[in-house]
Amino acid sequence: LRQGGNAMDAAVTMAAMLSVLRPHMNSVGCDAFLLYYDANTQQVSALNASGRAGSLATPDFIAEAGNERMPFSGALSITVPGTVSAWDEALKRFGSMSLADALQPAIDVAEHGFMVTSTLAEDMASGAPRLNDAGRSIYMKGDQAYKHGDVLFSKDLAKSLRMIAEQGASTLYGGELGNTIAQYLSQQ
């Protein structure tokens, strides 16, 4: 807003910042839903960016992996994330800033670190037993979850957000970032 952006620019910037500060609640790997009211036209617009199952996640594929039902967690439970496409579309339709400009504050905080709040520390401690190796390497110091007051750097998230800023949302959907994630998931 201080840079001349409108409410949608601020909302996308805030959502990106939450992906850094509260990554388990809102992230580039989540879904997004938006209701937008335009005071000039008195029109309400809705945006549903909920992800669909991946192209390989057929019932036969899930069964062949030894599951009678869709798994609740793990690589097979993941859907195509809608957040990044929602941010991009929301800015194109209702914003005044570029996706790169809206993401820059979150990139800066992820790269330079932030102090872990007491709430985030509690959430990380309670979620630590469910983390895979990649999650432990980000959200734990050795065998302990980050504590209140620790500084957490999210360099990989900063790199991903920078890729989105530079290459656009398409990097996650069939581009370099999406292919990297798909390759990682195929090995799980």
Side-chain angles (χ1 to χ4, degrees), residues 3 5 8-34 47-58 61-62 65 70-71 73-114 124 127 130-140 146 151-188:
Q3 295 175 356
M8 185 55 68
D9 302 320
V12 171
T13 299
M14 177 272 313
M17 188 64 77
L18 282 175
S19 74
V20 176
L21 302 175
R22 299 285 287 160
H24 60 299
M25 302 296 288
N26 183 54
S27 75
V28 296
C30 290
D31 296 329
F33 307 92
L34 170 97
L47 181 62
N48 178 351
S50 55
R52 64 174 183 82
S55 59
L56 297 178
T58 64
F61 182 82
I62 300 299
M70 191 69 182
S73 63
L76 293 178
S77 68
I78 295 172
T79 61
V80 176
T83 298
V84 173
S85 65
W87 293 346
D88 188 48
E89 185 65 21
L91 289 171
K92 286 176 181 172
R93 290 175 62 184
F94 309 115
S96 66
M97 297 177 81
S98 69
L99 183 59
D101 288 340
L103 297 182
Q104 192 58 53
I107 293 168
D108 292 342
V109 171
E111 192 163 85
H112 300 294
F114 64 95
M124 286 196 285
R130 296 185 303 277
L131 291 174
N132 61 14
D133 289 341
R136 281 191 288 282
S137 73
I138 298 167
Y139 299 112
M140 295 183 74
Y146 278 82
V151 176
L152 175 60
F153 297 89
S154 297
K155 302 271 186 184
D156 288 337
L157 179 55
K159 181 180 174 184
S160 296
L161 289 169
R162 184 171 284 108
M163 287 175 70
I164 294 164
E166 293 172 357
Q167 299 174 27
S170 63
T171 192
L172 187 60
Y173 307 104
E176 181 182 355
L177 183 55
N179 289 334
T180 299
I181 294 168
Q183 182 179 5
Y184 172 80
L185 290 173
S186 71
Q187 297 169 0
Q188 299 307 302

Give me the atom names and distance for the closest heavy-atom approach of [X] to [Y].
{"X": "Leu47", "Y": "Ala90", "result": "CD2-N, 4.3 Å"}
{"X": "Leu172", "Y": "Pro81", "result": "CD2-CG, 4.0 Å"}
{"X": "Tyr146", "Y": "Val151", "result": "CE2-O, 3.5 Å"}
{"X": "Thr58", "Y": "Ser55", "result": "CG2-O, 4.1 Å"}
{"X": "Lys155", "Y": "Glu111", "result": "NZ-O, 3.1 Å"}
{"X": "Gly51", "Y": "Asp31", "result": "N-OD1, 2.8 Å"}

For the side chain of [X] and the backbone of [Y], is there at least one donor-acceptor N/O pair under 3.5 Å apart?
{"X": "Asp9", "Y": "Gly95", "value": "no"}
{"X": "Thr83", "Y": "Ser27", "value": "yes"}
{"X": "Ser137", "Y": "Ala134", "value": "yes"}
{"X": "Ser19", "Y": "Ala16", "value": "yes"}
{"X": "Tyr173", "Y": "Ser85", "value": "yes"}

Could you state the interatomic distance from [atom1] ([X]) to [atom2] ([Y]), rounded to the nearest 0.5 Å?
{"X": "Met140", "Y": "Ile138", "atom1": "CE", "atom2": "CD1", "result": "12.5 Å"}
{"X": "Thr13", "Y": "Leu99", "atom1": "OG1", "atom2": "CG", "result": "9.0 Å"}
{"X": "Phe114", "Y": "Asp108", "atom1": "CZ", "atom2": "CG", "result": "14.0 Å"}
{"X": "Ile107", "Y": "His112", "atom1": "CD1", "atom2": "NE2", "result": "10.0 Å"}
{"X": "Met70", "Y": "Thr79", "atom1": "CE", "atom2": "OG1", "result": "8.5 Å"}
{"X": "Leu157", "Y": "Leu152", "atom1": "CG", "atom2": "CG", "result": "9.5 Å"}

With side chains defined as the heavy atoms from C-beta onward, is the minimum distance between [X] and [Y] less than 4.5 Å?
{"X": "Asp88", "Y": "Ile164", "result": "no"}
{"X": "Pro71", "Y": "Ile62", "result": "yes"}
{"X": "Val84", "Y": "Leu177", "result": "no"}
{"X": "Phe94", "Y": "Leu34", "result": "yes"}

side-chain contact (heavy atoms from CB on, under 4.5 Å) evaluation trace for Met25 with Leu18: CA-CA 8 Å; Met25 302 296 288; Leu18 282 175; over 6 Å; no
Pair Gln183-Asn179, side-chain donor/acceptor within less than 3.5 Å: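 The answer is no; no qualifying pair exists.
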Short N-O contact, Arg136 and Asp133, less than 4.0 angstrom: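 Looking at Asp133 together with Arg136, the answer is yes, because their closest N to O distance falls below 4.0 Å.
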